[in-house]
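The block underneath contains the structure these notes are about, expressed in structure tokens.
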Amino acid sequence: MLQEYDLIIVGGGHAGCEAAAAAANMGSSVLLVTMNMGTIAQMSCNPAMGGVAKGQIVREIDALGGYSGIITDESMIQFRMLNKSKGPAMWSPRAQCDRLRFAELWRLKLEATPNVDFWQDMVSELIIEKEEVKGVVTGMGVKIKSKSVIITAGTFMNGIIHLGEKNISGGRSSEPASTGITEQLNSFGFESGRMKTGTPPRVDGRSLDYSKMEEQPGDENPEKFSYTDTKPLTKQRSCYITYTNQETHDVLKTGFEKSPMFTGRIKGIGPRYCPSIEDKIERFSERDRHQIFVEPEGWNTIEIYVNGFSTSLPEEVQIEAMRKMKGFEKVKMFRPGYAIEYDYFPPMQLNMSLETKGIKNLYFAGQINGTTGYEEAGSQGLMAGINAHLKNNGQEPFILKRSEAYIGVLIDDLINKGTDEPYRMFTSRAEYRLLLRQDNADLRLSPKGHKLGLIDDIRLKNVEYKNSETNNLIKYCKTTSISPDEINSTLEKNETNKITQKRKIFDLVTRPQLSFRDIINSKPSLEKYLSNLGIFRPQIEEQAEILMKYEGYIAKEHENVEKLDRLENLLLSNDMSYETITALSSEAREKLNLVKPRTIGQASRISGVSPADISVLMVHLGR
């Protein structure tokens with residue numbers, strides 16, 4: 001090890017890995033401290049990346065130069081684009097991954113990254129001098145100095161595993177919890193809390209009867225996550241769907257008296273949008289069944305993840321209840337599901353850079369901030385790694401606006417609204433989701449990644465080519481006509497009005513009944529134009545079609561963003577004394593003092609600050 005590092009990262013999960021890669025690739029010397037080198041980037045819960053809004057985040061991480069998209073592409077066994085029947089703002093990529101391969105690739109990627117060192121041990125204490133972090137102390141008593149520290153402890157801080165009436169100290173199955181940091185930070189005035197998450201049983205795929213389940217294959221033409229030259233899948237593994245039933249529910253209810261959720265042994269709040277199976281049948285008692293996804297854990301393993309059956313009931317209840325489901329009559333269980341309780345720190349104690357307000361150069365990323373999910377964690381790690389490097393080098397923090405990225409929405413929500421339950425990203429959380437689509441993450445963010453030094457010149461040129469050729473294609477469609485003879489049979493087939501004279505291609509693209517592909521097939525000269533676009537043709541076609549079909553809506557969202565930016569440009573002083581502004585409501589004064597917003601725009605998004613309070617601040621600023 002070095003005598004001193006620019007950055008020490010505590011924890012080797014998804015947040016820690018992205019933080020290490022980002023800071024190291026920007027030039028920082030990085031030490032990744034993890035309790036087990038064999039579980040770096042472990043998929044602790046489901047073997048999948050992406051999903052609704054989460055897929056957009058993975059694309060954004062990739063567009064900024066992070067590794068999650070690349071690792072996902074190289075380890076995935078199935079790809080699906082969710083919500084394809086809805087508008088493009090809702091399209092969300094999701095991949096099933098090979099769990100072992102995913103973790104292996106992450107470790108190999110980090111080992112191949114210059115400036116990253118590793119140390120296997122638990123961090124039990126931070127070295128803090130005059131409210132500034134100076135390094136860490138490990139469980140073995142090793143003191144390591146650094147300019148900055150990022151804590152990405154996941155579910156390990158004072159973690160307790162619950163299984164029926166059993167309580168086991170642990171951060172994950174068969175792995176010890178970490179101790180010491182919460183208590184130390186509390187002594188410095190930090191507020192901490194408890195959250196809960198859970199995981200379902202893992203079962204033997206050889207014991208299942210798939211003929212009784214619904215097959216869920218991947219997309220016929222699978223896409224990928226990364227904008228680099230990773231290869232799309234040529235073969236895929238199917239998932240399957242089965243359902244609980246009344247018999248399943250009756251068996252589960254027999255374990256309720258031993259359930260740590262219902263007996264009060266679990267104090268932490270669980271994820272609202274990913275409840276346990278016992279919570280589902282209690283809260284939604286009117287439903288006689290719940291959907292269960294049967295997901296393979298890799299190419300060459302028989303292990304199956306029972307998605308939707310998260311539980312902390314006694315193991316004998318779990319297996320008996322599963323055996324009541326179709327296809328699970330003879331199921332063999334590898335290990336039971338369990339719940340885990342862990343410490344987190346309410347994120348309103350952070351700056352927008354993810355640096356803590358109480359201790360300089362100390363950053364939090366991932367579940368320590370109250371989030372849930374690999375994707376949310378990875379994006380925070382990326383941003384914390386970037387910002388720790390920038391601050392160490394005397395540069396301004398890198399902050400993404402809500403109008404620029406889902407990552408911006410995520411961090412803005414955490415800092416300004418806080419969370420008292422595990423936070424999960426949804427498309428509905430983004431007011432500008434038509435601008436933040438999964439297809440344009442590279443156009444939105446890669447120029448920023450290049451400026452940071454995380455995207456090379458070749459990638460930037462590819463982005464610029466995609467952008468310019470998309471604009472050229474739209475211009476071509478606005479200036480090139482199509483005749484009735486060429487298109488009317490297609491219009492009739494798609495049950496939309498035929499044309500009686502030549503019309504611009506653009507006018508027909510905007511018809512909801514027609515796809516751009518319908519028009520391309522009817523216009524040979526358009527096909528010839530597109531054939532010159534090379535390997536980027538599919539992306540350019542998709543991008544141009546979306547921009548043409550939704551031109552009016554996109555223009556309106558840009559207009560709304562411009563209005564918001566006016567408020568974002570009105571700066572507030574860090575040392576502003578809100579207690580003296582008596583016209584503010586008492587709640588607004590309390591929340592403004594806690595968050596210390598940088599701008600009027602940020603202040604307007606703080607829970608408890610009303611439009612009337614914003615007007616008072618505007619008057620106070622002389623605006």
Side-chain angles (χ1 to χ4, degrees), residues 45-48 160-168 173 195-216 238-297 302-341 372 421-422 424:
C45 201
N46 63 321
I160 297 177
I161 293 171
H162 295 271
L163 179 58
E165 295 180 301
K166 303 168 189 171
N167 295 331
I168 309 160
S173 178
M195 281 190 176
K196 168 255 176 187
T197 189
T199 192
R202 307 315 198 263
V203 303
D204 187 337
R206 298 170 300 183
S207 65
L208 303 181
D209 186 349
Y210 295 103
S211 67
K212 296 181 179 179
M213 307 180 205
E214 302 171 18
E215 185 175 7
Q216 187 183 51
S238 289
C239 296
Y240 292 84
I241 298 172
T242 189
Y243 297 87
T244 63
N245 52 52
Q246 195 56 54
E247 284 187 281
T248 311
H249 299 178
D250 291 342
V251 172
L252 290 168
K253 288 176 182 177
T254 65
F256 278 12
E257 62 182 19
K258 295 182 179 180
S259 166
M261 283 187 57
F262 298 141
T263 58
R265 286 194 299 279
I266 292 179
K267 306 296 183 186
I269 300 171
R272 178 183 307 198
Y273 302 104
C274 190
S276 66
I277 189 65
E278 55 263 41
D279 201 18
K280 287 179 189 176
I281 63 176
E282 178 79 1
R283 284 166 51 190
F284 308 108
S285 56
E286 73 282 0
R287 296 189 185 179
D288 57 8
R289 70 174 193 171
H290 294 280
Q291 195 172 51
I292 302 296
F293 294 93
V294 182
E295 302 178 346
E297 298 244 340
I302 57 172
E303 189 171 353
I304 296 294
Y305 180 89
V306 191
N307 195 343
F309 207 90
S310 177
T311 180
S312 56
L313 292 173
E315 55 265 48
E316 65 273 13
V317 175
Q318 295 185 31
I319 194 162
E320 186 181 349
M322 283 193 293
R323 284 178 174 163
K324 302 299 181 184
M325 300 189 303
K326 284 186 178 181
F328 276 69
E329 291 86 355
K330 297 179 181 180
V331 68
K332 295 178 182 178
M333 189 162 67
F334 282 168
R335 65 178 173 89
Y338 59 87
I340 184 165
E341 238 182 331
T372 180
E421 62 181 45
R424 180 180 181 178

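Summarising the geometry, atom CD1 belonging to Ile160 is positioned 11.5 Å from atom CZ belonging to Arg265; distances are rounded to the nearest 0.5 Å. To the nearest 0.5 angstrom, Ile161 atom CD1 is 5.0 Å from Ile340 atom CD1. The distance from atom OG of Ser211 to atom OH of Tyr240, rounded to the nearest 0.5 Å, is 9.5 Å. Atom NZ in Lys326 sits 11.5 Å away from atom CE in Met213 (nearest 0.5 Å). Note that the NE2 atom of His249 and the NZ atom of Lys253 stand 8.0 Å from one another [nearest 0.5 Å]. Leu163 CG to Ser259 OG: the interatomic distance, rounded to the nearest 0.5 Å, is 10.5 Å.
Annotation: side chain of Ile277 is in contact with side chain of Lys280 (closest heavy-atom distance under 4.5 Å). The shortest distance between side-chain heavy atoms of Thr372 and Cys274 does not fall below 4.5 Å. Looking at heavy atoms from C-beta onward, Asn167 lies in side-chain contact with His162 at the 4.5 angstrom threshold. Looking at heavy atoms from C-beta onward, Phe334 lies out of side-chain contact with Ile304 at the 4.5 angstrom threshold.
Between the side chains of Gln318 and Thr311, no donor-acceptor pair of N or O atoms lies under 3.5 Å.
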Step-by-step side chain to side chain contact (heavy atoms under 4.5 Å, CB included) determination, Val306 to Phe328: CA-CA 11 Å; Val306 191; Phe328 276 69; 4.1 Å; yes
Working for side chain to side chain contact (heavy atoms under 4.5 Å, CB included), residues Arg202 and Tyr305: CA-CA 5 Å; Arg202 307 315 198 263; Tyr305 180 89; 3.4 Å; yes
Leu313/Lys258 under side chain to side chain contact (heavy atoms under 4.5 Å, CB included): CA gap, chis, key distance, verdict: CA-CA 7 Å; Leu313 292 173; Lys258 295 182 179 180; over 6 Å; no
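Evaluation of the salt bridge (Lys or Arg N to Asp or Glu O under 4.0 Å) rule for Arg424 yields no partner, not counting sequence neighbours. Judged as a salt bridge (Lys or Arg N to Asp or Glu O under 4.0 Å), and not counting sequence neighbours, the contacts of Lys166 are Glu315. Every residue two or more places apart in sequence or in another chain was checked for a salt bridge (Lys or Arg N to Asp or Glu O under 4.0 Å) with Glu165, and none qualifies. The ring-ring contact (aromatic ring centres under 6.0 Å, His included) check on Phe256 picks up Phe262, with sequence neighbours excluded. Every residue was checked against the salt bridge (Lys or Arg N to Asp or Glu O under 4.0 Å) condition with Glu303, not counting sequence neighbours, and none meets it.
With hydrogens and angles disregarded, a donor-acceptor distance shorter than 3.5 Å links the side chain of Asn245 to the backbone of Lys324. The backbone N or O of Val331 sits less than 3.5 Å from a side-chain atom of Arg323, completing a donor-acceptor pair. Of the possible polar contacts, one joining the Glu329 side chain to the Gly327 backbone as a donor-acceptor pair under 3.5 Å is found. Looking only at distances, a side-chain donor or acceptor of Glu278 sits under 3.5 Å from a matching main-chain atom of Ser312. Thr242 contributes no side-chain N or O that, together with a main-chain N or O of Met325, makes up a donor-acceptor pair within less than 3.5 Å. Lys330 contributes no side-chain N or O that, together with a main-chain N or O of Asp209, makes up a donor-acceptor pair within less than 3.5 Å.
Of all the heavy atoms in Cys239 and Pro296, the pair that sits closest is SG-CD, 3.9 Å. Scanning all heavy atoms of the two residues, the minimum distance from Gly270 to Glu421 falls at O-CB, 4.3 Å. When all heavy atoms are compared, the tightest approach of Gly255 to Val317 is CA-CG2, 4.1 Å. Taking each heavy atom of Arg283 and Pro275 in turn, the nearest pair found is NH1-CB, 3.7 Å.
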Donor-acceptor pairs under 3.5 Å, side chain of residues 288-295 to any protein atom, not counting sequence neighbours: which ones?
| residue | atom | partner | partner atom | Å |
| --- | --- | --- | --- | --- |
| Glu295 | OE2 | Arg94 | NH2 | 3.3 |
| Glu295 | OE2 | Asn307 | ND2 | 2.9 |

